[in-house]
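Computed from a predicted structure; not experimentally measured.
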Amino acid sequence: MTMSLRRPIRGLLVGAAVVPLGYWLAMMVDATAHEMRFNLMRALRELMIITAFGVPIALAAALMWGAPVVYVLHRLGALRAVTAVVTGAVGGALVGLLFARFQGGDLFRVRMPLPLAVVLGALAGGTCWWAGSGRASPGETDGR
C-alpha cells in the first residue's frame with residue numbers, strides 16, 4: 001500500500017497551523033537560554049501575539065507556495081513524505097529570506113534566522129504530509 005496525500009487541504013491547513021507554535025517554542029527556548037524569565041501569563045501572551053501574526057503568514061505561504069507545489073508533485077507522481085518535507089523547507093527558506101529583505105528598518109522586527117525558517121518549513125511540510133495522508137475510511141476506496 002502506497003501512502004498518498006488523501007486530504008491535501010487539511011494537510012496544508014494543519015501544516016500552516018503548527019508553524020506559529022513551532023516558532024513560539026523556539027523563541028521560548030531561546031529566551032530561556034538567554035536566562036530571561038517568563039511567567040505563564042507572559043508566555044501565553046507571546047503565544048497569542050505570535051499566533052495572531054503567524055497564522056496569516058503561514059496560511060499565505062501554504063496557499064502561494066505549498067498548494068501549487070503539492071499539485072505539481074502529485075501530477076508528476078513525485079509526492080512523497082520526503083518531497084513534502086523538502087518542499088516545506090524550501091518554502092520556509094523563502095519566507096525567511098523575504099522577512100530579512102522586507103524588515104530592513106522596521107520598528108518591530110520578527111527574528112527569523114534562516115536555519116529556523118528552514119526547520120519551521122520542514123515541520124510544516126512533514127505535518128502537512130502527516131495530517132493529509134490519513135488512513136482510508138472503511139467505505140473509502142483509494143482510487144484504483
Any chance you could lay out the side chain to side chain contact (heavy atoms under 4.5 Å, CB included) test for V70 and T87, step after step, and finish with the verdict?
-> CA-CA 8 Å; V70 163; T87 295; 5.8 Å; no
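- Across all their heavy atoms, A93 and L114 have their closest contact at O-CD1, 3.6 Å.
- Not a single donor-acceptor pair under 3.5 Å links the side chain of S133 to the backbone N or O of L5.
- V118 and V95 sit in two unconnected hydrophobic clusters of ILVMFWY residues. Membership requires side-chain heavy atoms under 4.5 Å apart, directly or through other members.
- Closest approach of L116 and A26 over heavy atoms only: CD1-CB, 3.8 Å.
- More than 12 non-hydrogen atoms from other residues, nucleotides or ligands lie less than 6.0 angstrom from CG of L25.
- L21 and L13 fall into different hydrophobic clusters, where Ile, Leu, Val, Met, Phe, Trp and Tyr are joined by side-chain heavy atoms under 4.5 Å apart, directly or via other members.
- Once rounded to the nearest 0.5 Å, the distance linking CG of L73 with CZ of R80 reads 9.5 Å.
- Residue V55 is not grouped with residue L123 when hydrophobic side chains (ILVMFWY) are merged at heavy-atom distances under 4.5 angstrom, including chains of intermediate members.
- Summarising the geometry, atom CZ belonging to F102 is positioned 11.0 Å from atom CG belonging to L97; distances are rounded to the nearest 0.5 Å.
- The minimum heavy-atom distance between V18 and A124, with the atom names listed, is CG2-CA, 4.4 Å.
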Should W65 and V90 be marked as a side chain to side chain contact (heavy atoms under 4.5 Å, CB included) after you check the CA-CA gap, both sets of side-chain angles, and the distance that decides it?
-> CA-CA 9 Å; W65 171 257; V90 171; 3.6 Å; yes
Does the pair W24 and T51 meet the rule for a side chain to side chain contact (heavy atoms under 4.5 Å, CB included), with working shown?
-> CA-CA 8 Å; W24 175 74; T51 301; over 6 Å; no
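- Side chain of R7 to main chain of A131: no donor-acceptor pair is present (N/O by atom type, distance under 3.5 Å, no hydrogens or angles).
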List the steps, then state whether side chain to side chain contact (heavy atoms under 4.5 Å, CB included) holds for M28 with Y23.
-> CA-CA 9 Å; M28 292 298 106; Y23 183 82; over 6 Å; no
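- From M27, atom CE reaches atom CE of M112 across 7.5 Å, with rounding to the nearest 0.5 Å.
- For the atom pair CZ of R10 and CH2 of W130, the computed distance is 8.0 Å after rounding to the nearest 0.5 Å.
- Using a 4.5 Å cut-off between side-chain heavy atoms of Ile, Leu, Val, Met, Phe, Trp and Tyr, with links allowed through other members, W129 and V69 fall into the same hydrophobic cluster.
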Taking distance alone, no hydrogens or angles, what donor-acceptor pairs closer than 3.5 Å link side-chain atoms of residues 56-64 to residues at least two apart or in another chain?
none

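- Residue L47 is not grouped with residue V14 when hydrophobic side chains (ILVMFWY) are merged at heavy-atom distances under 4.5 angstrom, including chains of intermediate members.
- Rounding to the nearest 0.5 angstrom, the gap separating the CZ atom in R45 from the CZ atom in R42 is 6.0 Å.
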